[in-house]
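Each remark here refers to the structure printed beneath this line.
One is the number of the first residue; the rest follow in order along the sequence. Please read all numbers here as calculations on a predicted model, not as lab measurements.
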Amino acid sequence: MTKGNETKITDELYAYMLAHNPPLDAVQRELVETTYAELPDRAGMQSAEEQGPLLAFLVRLTGARHIVEVGTFTGFSALAMAQALPADGRLIACDISEEWTAYGRAAWEKAGVADRIDLRIAPALDTLRAMPLEPHIDFAYLDADKSGYIAYWEELVPRLRQGGVIATDNVLFHGRVTDPHATGAAKDIQDFNDHVSADPRMDSVLLTVADGLTLSRKR
């Protein structure tokens, strides 16, 4: 096997990358820092810092006006995407925790984008299945419980417009996806990755961004 890139991401190189990406604004930075301060044992669930500007870039690139996020946590990714939406754009955020999303609500208000975000506290499958069946979603971000990834995918894809994009986080699952004896969430991600790569409705690429990010475009 030929590897085209031998670059190792050191702390110095990671800092260099962040320095050459769009910086987080004051509200985004405060939310990231608050999450780590208030929820230190859970903060790893937050999307990586570089994913905020990337998600915003993808929203603008696709011209998205209707976004669905599955898994919101404290709201960093929703904030970044909502800020990239036009004023009449809408983001449906799916989560089951009032406690965690309360941090997001405060940040969205402070950033002036709360009116663009429709937070729905309920099992995400219930929220997705209640949506219209016709293709209407421009962009989706999937970053929730790994056991539900395939089910979420199967609800999202039919509702995605042609050319619409799904970004899926944690598809390398801390490097454990290569373990032939993987169990639990790592096995769930292995199954999801196989499911996505075999889906004839979508064109997908798996990238080594953060903990692995798959970008999928509906044909």
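- Remark: Ile96 CD1 is loosely packed, at most 12 non-hydrogen atoms of other residues, nucleotides or ligands lying under 6.0 Å away.
- A donor-acceptor contact shorter than 3.5 Å is absent between the side chain of Lys218 and the backbone of Val165.
- A distance of 4.5 Å separates OG in Ser47 from CG in Asp143, rounded to the nearest 0.5 Å.
- Between the side chain of Asp138 and the backbone N or O of His66, at least one donor-acceptor pair lies under 3.5 Å.
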Exercise for review: Begin with the C-alpha distance, continue with both residues' side-chain angles, and end with the deciding distance and a verdict on side-chain contact (heavy atoms from CB on, under 4.5 Å) for Lys187 and Lys146.
Suggested key: CA-CA 9 Å; Lys187 181 62 166 63; Lys146 311 317 169 192; over 6 Å; no
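- In this structure, CD1 on Ile137 lies 7.5 Å from CD1 on Ile92, to the nearest 0.5 angstrom.
- Side-chain contact check for Leu91 versus Val68: every heavy-atom pair is 4.5 Å or farther apart.
- No donor-acceptor distance shorter than 3.5 angstrom exists from the side chain of Gln51 to the backbone of Val209, with no hydrogens or angles considered.
- Formation of a donor-acceptor pair under 3.5 Å by the Glu155 side chain with backbone atoms of Tyr152 is not found in this model.
- Nearest approach of Thr168 to Phe192, heavy atoms of both residues: CG2-CE2, 3.5 Å.
- How far CG of Asp115 is from CD of Glu109: 8.5 Å, rounded to the nearest 0.5 Å.
- Judged by distance alone, with hydrogens and angles left aside, the side-chain atoms of Thr72 form no donor-acceptor pair with the main-chain N or O of Gly75 at under 3.5 Å.
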Check your understanding: Taking it one step at a time, do Leu215 and Leu58 satisfy side-chain contact (heavy atoms from CB on, under 4.5 Å)?
Key -> CA-CA 10 Å; Leu215 300 181; Leu58 291 170; 3.8 Å; yes
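- Asp126 CG to Met131 CE: the interatomic distance, rounded to the nearest 0.5 Å, is 11.5 Å.
- For residues 48-66, every residue pair satisfying the salt bridge (charged side-chain N to carboxylate O under 4.0 Å, His left out) rule, not counting sequence neighbours, is listed here: Arg29-Glu49, Arg65-Asp88.
- Remark: the Ser204 side chain and the Ser216 side chain contain an N/O donor-acceptor pair separated by less than 3.5 Å.
- Across all their heavy atoms, Ala182 and Ala186 have their closest contact at CB-CB, 3.9 Å.
- Side chains of Asp199 and Trp153: a donor on one and an acceptor on the other come within 3.5 Å.
- Between Phe73 and Arg42 the shortest heavy-atom distance is CZ-O, 3.3 Å.
- Looking at Asp95, Thr34, Thr35 one by one, the single match for side-chain hydrogen bond (donor to acceptor under 3.5 Å, both in side chains) with Thr74 turns out to be Thr35.
- When side chains are defined from C-beta on, Asn21 counts as touching Met17, because their heavy atoms get closer than 4.5 Å.
- No continuous path of ILVMFWY side-chain contacts below 4.5 Å connects Leu119 to Val70, so the two sit in separate hydrophobic clusters.
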Exercise for review: Could you please spell out the steps behind the side-chain contact (heavy atoms from CB on, under 4.5 Å) verdict for Leu55 and Phe139?
Suggested key: CA-CA 10 Å; Leu55 289 169; Phe139 187 81; 4.1 Å; yes
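- Classification of Arg201 and Glu154 as a salt-bridged pair holds, one side-chain N sitting under 4.0 Å from a carboxylate O.
- Smallest separation of non-hydrogen atoms from Ala48 and Phe76: O-CE2, 3.7 Å.
- Contact detail for Tyr149 and Ala144: the closest heavy-atom pair is CE1-O, 3.4 Å.
- A donor-acceptor pair is defined here as one N or O able to donate and one able to accept, closer than 3.5 Å; no such pair exists between the side chain of Glu69 and the backbone of Tyr141.
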Exercise for review: Give the C-alpha distance, both sets of side-chain angles, the deciding distance and a yes or no for side chain to side chain donor-acceptor pair (under 3.5 Å) between Asp25 and Gln83.
Suggested key: CA-CA 11 Å; Asp25 65 28; Gln83 289 174 308; 2.8 Å; yes
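- One N or O on the side chain of Arg159 and one on the backbone of Pro132 form a donor-acceptor pair closer than 3.5 Å.
- At least one donor-acceptor pair closer than 3.5 Å links the side chain of His136 to the backbone N or O of Glu134.
- The cluster map of Ile, Leu, Val, Met, Phe, Trp and Tyr, joined by side-chain heavy atoms under 4.5 Å apart, puts Met81 and Leu142 in different clusters.
- In the hydrophobic clustering of ILVMFWY residues, with side-chain heavy atoms under 4.5 Å counting as a link, Val32 and Leu39 come out together.
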Review point. Where do Val27 and Lys110 land on the side-chain contact (heavy atoms from CB on, under 4.5 Å) test, with the steps shown first?
Key: CA-CA 7 Å; Val27 179; Lys110 188 174 293 188; 3.9 Å; yes
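- To the nearest 0.5 Å, the span separating CD1 on Ile117 from CG on Leu79 amounts to 6.5 Å.
- Between Asn193 and Val177, the shortest heavy-atom distance links the atoms ND2-CG1, 4.1 Å.
- Residues Met202 and Ile67 fall into different hydrophobic clusters, defined by Ile, Leu, Val, Met, Phe, Trp and Tyr side chains chained together at heavy-atom separations under 4.5 Å.
- The side-chain contact (heavy atoms from CB on, under 4.5 Å) test with Val196 is passed by exactly one of Ile150, Val171, Thr214: Thr214.
- Linking Ile, Leu, Val, Met, Phe, Trp and Tyr residues whenever their side-chain heavy atoms come within less than 4.5 Å places Leu160 and Leu125 in a single cluster.
- Atom CG of Leu156 sits about 5.0 Å away from atom CD1 of Ile166, to the nearest 0.5 Å.
- Considering only residues two or more places apart in sequence or on other chains, His20 meets the ring pair (Phe, Tyr, Trp, His ring centres under 6.0 Å) condition with Tyr16.
- Put simply, the side chain of Asp211 gets close to the backbone of His174: a donor and an acceptor are under 3.5 Å apart.
- The main-chain N or O of Gly148 is found under 3.5 Å from a side-chain atom of Asp145 such that the two form a donor-acceptor pair.
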